Amino acid sequence: KNEVEQSPQNLTAQEGEFITINCSYSVGISALHWLQQHPGGGIVSLFMLSSGKKKHGRLIATINIQEKHSSLHITASHPRDSAVYICAVSGNQFYFGTGTSLTVIP
Amino acid sequence: DAEITQSPRHKITETGRQVTLACHQTWNHNNMFWYRQDLGHGLRLIHYSYGVQDTNKGEVSDGYSVSRSNTEDLPLTLESAASSQTSVYFCASSEWGLTGELFFGEGSRLTVL
């Protein structure tokens, strides 16, 4: 049983497309995190949110606490957005999704 | 700038050897974690610590140990390395109470032959 489920597992998009990655969780949380990992690289935090919506440049993260669901949107996608995006939640511990591998083709 | 560093970044060792992966953070965070990342499994928790002299087992702790003698460091030791422990290891830290942002090291790729 996975406390955090992401979809899709893999995603290929053309440059410029609008992208959505979904995350559902089954535990009580204090915050939800979106993380980014480039191939062979480290893991960096993109967002931490507990309600509503946050925006950084072309990235938007939303969360619906009642539905236990979050989405990460990328507007005007670019090849440099190609990475694995990981959803994580913090409750009594951190729980991680298995990631969504995004490839943006020029 | 505050940071979290891991060493070594890459290591090849032989079955049965003891290996220690270092993790050092300058955020002054109480919480520190060790994860392993394997294809198809995502990040799995090995050990964690909520403060000096506090250590706890995670879901995949067999064959691993940690110690926390100060706030900055949480070394991970593989007592007798096994091929099943070939993986990428990430150290992370967060502020008190799991309500803060999670910061990761660059990862340590360990190969056990």
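In what follows, every chain begins at residue 1, and chains take the letters A, B, ... in the order their sequences are listed. Note that this is a predicted model, so its numbers are computed, not measured.
- In the displayed structure, B/Glu14 atom CD is contacted under 6.0 Å by at most 12 heavy atoms of other residues, nucleotides or ligands.
- Note on B/Ile4 and B/Leu76: separate hydrophobic clusters, where clusters join Ile, Leu, Val, Met, Phe, Trp and Tyr whose side-chain heavy atoms are under 4.5 Å apart, directly or indirectly.
- Counting all heavy atoms, side chain and backbone alike, A/Met48 lies closest to B/Glu101 at SD-N, 3.4 Å.
- Transitive grouping of hydrophobic side chains (ILVMFWY, heavy atoms separated by less than 4.5 Å) keeps B/Phe90 and B/Val66 in distinct clusters.
- For chain A, the nearby part of B/Tyr35 is the side chain; its heavy atoms alone come within less than 4.5 Å.
- With chain A as the partner, the residue from B/His41, B/Arg109, B/Arg44, B/Glu106 showing the most heavy-atom pairs under 4.5 Å is B/Glu106.
- In this structure the side chain of B/Gln37 never reaches within 4.5 angstrom of the side chain of A/Val84, judged on heavy atoms.
- In this structure, no portion of B/Gln6 lies under 4.5 Å from any heavy atom of chain A.
- Neither the backbone nor the side chain of A/Gln9 comes within contact range of chain B, judged by heavy atoms closer than 4.5 Å.
- Within a 6.0 Å sphere centred on CZ of B/Arg17, heavy atoms belonging to other residues, nucleotides or ligands number 12 at most.
- Heavy-atom neighbours of A/Ile65 CD1 from other residues, nucleotides or ligands within 6.0 Å: above the threshold of 12.
- Hydrophobic cluster membership is shared by B/Leu110 and B/Leu74, with clusters built from Ile, Leu, Val, Met, Phe, Trp and Tyr side chains linked at under 4.5 angstrom.
- For A/Ile29, no part lies under 4.5 angstrom from a heavy atom of chain B.
- B/Phe104 and A/Ile43 get closest at one heavy-atom pair: CB-O, 3.4 Å.
- Heavy atoms of other residues, nucleotides or ligands lying less than 6.0 angstrom from CD of A/Glu67 number 12 at most.
- A side-chain contact (heavy atoms from CB on, under 4.5 Å) with A/Phe94 is found for one member of B/Leu43, B/Leu45, B/Leu102 and no other, namely B/Leu102.
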